[in-house]
Structure formats: structure tokens, C-alpha cells
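What follows is a short report on a single structure.
Note on naming: letters A, B, ... go to the chains in the order of the sequence lines (proteins, then strands), and numbering restarts at 1 for each one.
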Amino acid sequence: MINSHLEIDSSIENLIENSIEIPPTFEFGERSSNIAFKLAKFLKKSPMKIAEELSQGINNNLDEKTLIVKTTPVKGYINFFINFIPFFNRLYTQIKKEGAKYGENTRGKGKKIIVEHTSINPVKALHIGNLRNAILGDCIARIYKRNGWKVEVQNLIDDFGRQVATLIWGILNGHHLGVVREINEKYDVWLGKVYSHCNSLLAENDLWPEVDKVMVDMRHDPHMYRFMRNICQTCVDNNLETSWRYGVTYNYLVWESDISRSGVWEETLRLLEKNSSFHWEKEGSNAGCFIANLGKLDEFQDKKNPDKVFVRSNGIPTYVAHDVALQLWKFGIVKANLISRSVVKQKNESEETRDLWTSTDFRVSGEKGKIFGKSNRVCNVIGMEQNYEQEIVRYSLKLLSLNNEFENSFHMSYKHVNAPHARFSGRTGNWIEERAWADAVFEDTYTAAFKAISKKRPDLEDNPIKREKIVNSITAAAIRYWLVKFSTETEIKFRIEDATSLEGDTGPFLMYSTVRAMKILTKLSKIKAFSARGDYAITQNEKNLILQLYRCPKVIKNAADSLQPLMIAKYAYELASSFNRFYETSRVLNAESAKLKNFRVALVQIFSIVIQNILHILGIPIVDEM
RNA sequence: GGAUCCGUGGCUCAGCAUGGAUAGAGCGUCUGCCUUCGGAGCAGAAUGUCGUGGGUUCAAAUCCCUCCGGAUCCGCCA
């Protein structure tokens, strides 16, 4: 009885909350509700009539202390007009008090999420598509942190895969000698060229069995393993440099070969064998294989062959089986531990400095390890071509009756970045001629930013160190923003003029309005605490900015729930635009009256706080001039 | 063959989850704004059968179905 009342109450609350929207024009107030339309059916009255009655009822209960001045019924809508002075006063107090924490919430308190991203094969440089993955993952990690979660960022290094075997085969046969390494060319870029060269040689001569042999040797011959791991290590070191340039950092590098040795897979197999949904096939085309019986789930009925091979007849587990094991390990269901070692302190201007750890194949005596994994939620940032594979991982948890883990497995799926008329592929190496690897995009954008600053800030020629720092920041901002401003469901077409753009809906635009606000604040001799007294006129642009500042906490919630960093980017742009319009029409330092100046300074103060909080989430560096 | 995603001004994209008032941005084009806190900015103009056809609804870019066009997946590859 009580429960059903509560349900009704909360559904009414939802109904009201969901009915609130932002009207198309401020003539209709600052907020409006279409609730009269929804109620019309039940009350069997016209929406116009209901809106009039509700509006009247609300108006009768308003006084000068309430945050609403008045409501008006218009064509069935109820429009709300905000009492801006007390509203602003309250918002100002809150933002000043919370400061860098404004916008955050504690929904994830006591819970931990693992975000896995980047995870490229250690045979090449990051191309722009891998960078999209890294930036999206980095943003979602930052977003989760603001939602109160403990976040662990992992980067999976697949050193046991076919790609690495392909590269090693090529090097053992001296094929890398035929690939010229340019002067100053990064090792990982050159390695990527070798890798695609090897692929074409293998395809032409059909030499794949030789690669299979390398794959086996890597596992069983310690010298071969060491040789391979050293090459991969150098590649990973290079890849990290690229990530760091863009402000992307990790907590833990997980090496596939370390997982193999840790017993994670064996433990997983024992777990699966005990479950009736998995079995060793005795007959048919899959005879001798270990099979996941996904066909028993409704979701897989439409598949041609819903059952999935987890272990091949030669005893080697498949990629998807490995992923299931990894997922179980991330949740702490599989308990085997990896040996870990602290590697380096990552420098990161915008976030805190983070310790980077790696899994390792040997322990130095006296060295302290650290336990990773054991999380409540997992978010894997992986391209949408692996949607099906990720579903298999998720539903395998369901087959194991791990419903909580099933519910908490998130696949952040995104489309690729491609050349306007072709796909980028590490195998074919077509990212080389398009200059689409992440370092080249950085260089090209750097050039554009440098050109711009030389023109706008000739005075900085005397301070090349400062200038370089600013140009680096602008470059990272431009590319990072460009990669998150699209929905993850949109394929990005790589055009260098888009990536390097510095005006309009771009990262540098956000930085610029931040700089404007900071400049105003530094010109004040003293910043006094604001308190609203009496009356002063608030312009439409000012109201607009106030409302944008107010939206922040909700945006951070929604971005986490929908796994869309785009929402933060859109908000940042709207917030900065609102500030620029305010800046254009409202003088701050020489405002018309002291009271007005006081108010506008306060507004600039809280804008400065909120925009910086938001730029931190986007990983956009903050500079005080540009 | 089956499944998933996409289709919105000349170009590139938001909006679709939870249907609501005049469909929003940026780029490009055109017109204004520097004796004013920094013009990487602001104000304004032009450009739209929201792929097609149907359905549900008081109301559809949004939900359902058809078809067309594009991408991806359905492996003892990763």
C-alpha cells in the first residue's frame, strides 16, 4: 500500500520533471512545462484550461522570496519566469563554495569502474582512429570521476596476437631492412610501415603458416619471447609519448602475455567447464572444440550459428574467449593476480599526475606490487565493428548467472575515423600517405596554430618558450575537441582542415572565452565576495549565461548515463558562446554602476570556475593568454 | 540470407533515449561592428520536401512498418 503510493508519487515527480523544457524563445519565459497536454487525457479537459488553472494556482503561491516571479499559460504550455536576483545569489554561493567540484556528484561513491581504451596492437603508431578511441576513453574516465566513481584506466597491450607475430616474422626474415627509416622518424611510425610491408609480402606469397609458427615460438621459446617483448616495449613507449602529448594517461598497462602466464585463462576455463552452458563438442564440424552455448539465449536466435568456439581443436583459446576471461578478471570473479610494477609518473597539466603501472613478466626483488581489477563496473572502449563480439562477452556473463556483472558491462561503441573515400587500416598502411597518424596530425595542427599566433601575438616572439607552450595547448585542444564533438555513432571523415580548424565550434574557441574571463579577473585589484542587495537590471545575455551555469551538474550526470562525452563538448560550446555574447554587450570593469559591476564581476568569477571545470573534463589545457 | 548503425541547408554535424511552440550550430557566401575589459569574437542575411512512402497521435526529425542509399557484423581471425 505504502509502496504503491510511493510509486505514484515518484511517477508524478517524473512526469513533472520530464515535462520541463527550455522554451524556443525567452518571450515564453526561462522554463516551460507541457504537463497540461499530458494531463488532458486523464482530466478530460482541454490543455488550455488546465494550463490556466495550474498557472493561476502557482501564481497565488508566489512571493518575493520564491525563485519564480510568475507563470503564464500560453496555448496549453505553462511558462515560468525566474526571479533572477535571488536565483543568481543562490547559484553564486553554491559555485563559489564548491569551486573545482561544482558540477560533480557522488552517485558512484564507494564503487570502482575500469575503463579500458586505446588498446592498439604494439606494432605501429596511433592513427587518428586510435586517437578517437583514446580521447573518448579518456573523457569518459574523467566524466565517471566527476560522478563519484573510483576510476582505473587500463590499456591492453596484445603482444601475443597475430599482428605482433606478423611483424616479428618480418623482422626475423630481414624484411624491415627494406623499409627506410626517415631522419627523425619515430620508431612506432617506422614500425607501422614495416608491419604493413610484412602484410603485403605475406599476402602475395601466402606464407601465413610461417606466422603461425612464430606465434607458437613466442609462447614457448624464452629468447624469442624476450626479443618480441623488447620490440613491443619500445613501440608502447612511443605510443605513450603520443598519448601524453594529447593529455591522455593510463593507470595500468595490461600485457596479453602476462595475462596468459598469470593463470587467468586456466581459472576461467575451469569456471566455464562447471557450467552447463559450455561444453566440449564431441562431434560435427566443431568436434574437439570448447563451445559456448549462446543459442539458448533469445538474443542469439537470429544468428546463423549462435554457438561460439571458445577453444580451438588445437587447444588454443580464441580471442573472444580471452576477452571473456579478461572481463571476469576485471570484475574480480577470476582471482588470479598479475605481477605489476610502477613505471613512471605521467605528467599531465590538466589532471593530477598519475602513476603509471604495468603488468610484467619478472619481479625485481624488494619491489612492491599493486593489485588491479576487482571493479564494480567495466567500460570497454572498442570500435563498433566489434559490437557482436562484445555482446558475446556480455552474454557469457549471463550464461554464468553473473547478472550483476552482466548489467555492469558497458561497451562504448564508436565508429571509425576514415579518409573521405577509404577506410584507414593498420594492415594496408594507407594512413601513411594521408598523414593520418596521431603525431602527424599534431604536427600539422601545430603548424596552423603557430601561424595563427605569429599573426595575432607578434609580441610573443620575444618569449618562444611561452609561445611554444601555448601553441602545444591550442593544438591538443583543437584535436581533442574535434574528436569528441561528434556522436560516437557518427563516422568521422578525416579532413586535415577540419582537425586543424581554430575558429567557430572548436577547442581554441573555448580556450579563448576562458582567457577573456581570466583577463578581466586579473585586472581587478581586489576580488570581493559578492552578495546581492537591492535591485539592478539583468540583461537577456546575462540571464542566459546564468542559466547555462546552472545546467552544469545535470550535463555531467547525463554524459555519464548515456556514455556520450559529446554532451560535455556541446555544453562547453554553449556555455562559452553565452559568455562571449555577455562579454560583447556587458561592460564589466567600467560598468554603469558599482552595484552592476559587483554583479558582473561575480558572474565572470563563477563562469571562470565552471568553464575550467568543464575544460578539465574534456582534457583541454587551460592557458591564461593565447 | 539475418542483425546493428547511419541518411537533417552548398559542406560538416547536433537534436531522436523521455514525441510538443518558429528544426539548431559551425564552415563557406553576403552585410555590418576595432577612440570600448583581447576581433581565435559579436550582430544580421540567404540557403531545409529532416532519404522515400505509409501508420500511430490532439501533436512526428523523434515512435512503428515498407522501400532506397551508405557502413559494419554474422570465423577454430583479432
When all nucleic acid strands are considered with a 4.0 Å heavy-atom cut-off, which category describes [X]: base, sugar-phosphate, or nothing?
X	result
A/N418	nothing
A/F37	base
A/E497	nothing

[X] side-chain N/O to [N] phosphate OP1/OP2 under 4.0 Å:
X	N	result
A/K38	B/U18	no
A/Y319	B/A78	no
A/T490	B/A14	yes
A/R312	B/C77	yes
A/R423	B/U72	yes
A/K523	B/G38	yes
A/Y573	B/A25	no
A/K519	B/C37	no

Is there a donor N/O on one and an acceptor N/O on the other, under 3.5 Å, for the side chain of [X] and the base of [N]?
X	N	result
A/S313	B/C76	yes
A/S513	B/A40	no
A/N79	B/A21	yes

**Message:** Check whether A/F160 forms a cation-pi arrangement with A/R219 (NZ or CZ under 6.0 Å from the six-membered ring centre, at most 45° off the ring normal).
**Reply:**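 Yes, A/R219 and A/F160 form such a contact.
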Which whole number of Å gives the distance between the [atom1] atom of [N] and that of [M]?
N	M	atom1	result
B/G51	B/C6	C1'	11 Å
B/C34	B/G39	C1'	7 Å
B/A59	B/G19	C1'	8 Å
B/U62	B/G55	C1'	15 Å
B/G7	B/C50	C1'	10 Å
B/A23	B/U47	P	13 Å
B/G24	B/A14	C1'	7 Å
B/U56	B/A61	P	16 Å

Does a side chain donor of either [X] or [Y] reach within less than 3.5 Å of an acceptor in the other side chain?
X	Y	result
A/S578	A/E574	no
A/T445	A/T475	no
A/H322	A/E256	yes

**Item:** Paired nucleotide for B/U56 [Watson-Crick or G-U wobble; both distances under 3.5 Å]
**Value:**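 The base-pairing partner of B/U56, which may sit in any strand shown, does not exist here.
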**Minimum heavy-atom distance between A/S33 and A/S19, given as atom pair plus value** =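 Looking at all heavy atoms of both residues, the closest pair is OG-OG, 2.8 Å.
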**Message:** By nearest atom, which of the nucleotides B/U36, B/A21, B/G38 is closest to the A/F28 side chain?
**Reply:**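 The answer is B/A21.
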**Interatomic spacing from CD1 in A/I556 to CG in A/N147 - rounded to 0.5 Å** =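 One finds 7.5 Å between CD1 of A/I556 and CG of A/N147.
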